[in-house]
Each structure stands twice: as structure tokens, then as C-alpha cells.
Amino acid sequence: MEKTRIRELREEKGWTQMQLAKEIGVNRRSISEYERGRVEPSIQTIKALCKLFECTSDYLLCITEF
């Protein structure tokens, strides 16, 4: 299975799914579903992830490489 950008960014920080979930206010299962590509994060969640990881939404969603 291909790694998702969310998983890559989380692992770069050395965080567990639970730690990331707490940082952005969702449950651990949501993080798992995002990372597996089964569920798309909401706009609010995308904004929170971008702010946390200091990246653009295009990067987070694998639209661009930087």
C-alpha cells in the first residue's frame, strides 16, 4: 500500500495516530481512515493539518510535490 502524505508527515514528526488525532481534534480511527485513503478529511481537518504541518493543502493532498 502506498503511503499517504498525512502518514508521511505524521511519521516525520515521530507521532502516533493517536497523538496526531489529539492535535487536530479527531479520533484515532479517522486518522487511520485518512491514511488508508478510505475517507477524505473535511475542509476543517485539512486546514488543521496544513497549519500543524506547515504545508499547503495541495501538498497535503498530493497535488504538488512541495
Side-chain angles (χ1 to χ4, degrees):
M1 175 172 45
E2 183 179 322
K3 281 189 183 182
T4 63
R5 189 71 39 89
I6 294 171
R7 181 176 175 190
E8 288 175 7
L9 291 167
R10 175 180 62 79
E11 289 177 346
E12 284 176 14
K13 295 264 190 194
W15 292 344
T16 64
Q17 289 180 343
M18 183 62 79
Q19 288 170 311
L20 177 56
K22 285 182 181 180
E23 286 288 328
I24 62 169
V26 300
N27 60 47
R28 190 214 52 84
R29 183 174 177 148
S30 292
I31 300 298
S32 176
E33 296 293 311
Y34 304 152
E35 290 184 359
R36 290 180 174 177
R38 292 184 176 173
V39 174
E40 298 264 335
S42 70
I43 295 297
Q44 278 71 15
T45 300
I46 291 170
K47 286 179 181 179
L49 288 165
C50 290
K51 184 175 180 180
L52 182 66
F53 292 129
E54 298 179 341
C55 68
T56 66
S57 58
D58 283 355
Y59 181 78
L60 185 72
L61 300 173
C62 299
I63 295 169
T64 63
E65 289 299 314
F66 49 90

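Throughout, numbering of the chain's residues begins at 1 and tracks the sequence. On a predicted model such as this, the values are computed, not experimentally measured, just so you know.
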Leu60 side chain near Leu9 side chain, heavy-atom distance below 4.5 Å: yes

All pairs passing side-chain hydrogen bond (donor to acceptor under 3.5 Å, both in side chains) where residues 42-57 contributes a residue, at least two apart: Ser42-Thr45

Arg28 versus Met18, closest heavy-atom pair with distance: CG-N, 3.7 Å

4.5 Å side-chain heavy-atom contact, Ser30 and Ile24: no

Non-neighbouring partners of Glu11 that pass salt bridge (Lys or Arg N to Asp or Glu O under 4.0 Å), sequence neighbours left out: Lys3, Arg7

Atom pair CD1/CD of Ile6 and Glu33 - distance to nearest 0.5 Å: 12.0 Å

Between CG on residue Asp58 and SG on residue Cys50, distance to nearest 0.5 Å: 9.0 Å

Student check: side-chain heavy atoms of Leu20 and Leu49 closer than 4.5 Å: yes

Any side-chain heavy-atom pair of Phe53 and Lys13 under 4.5 Å: yes

Distance-minimising heavy-atom pair for Thr4 and Tyr34: CG2-O, 3.9 Å

Under 3.5 Å: donor-acceptor pair, side chain of Arg10, backbone of Trp15: yes

Side-chain heavy-atom pair Arg5, Glu65 within 4.5 angstrom cut-off: yes

Main-chain N/O of Thr16 paired with Gln19 side-chain donor or acceptor, under 3.5 Å: yes

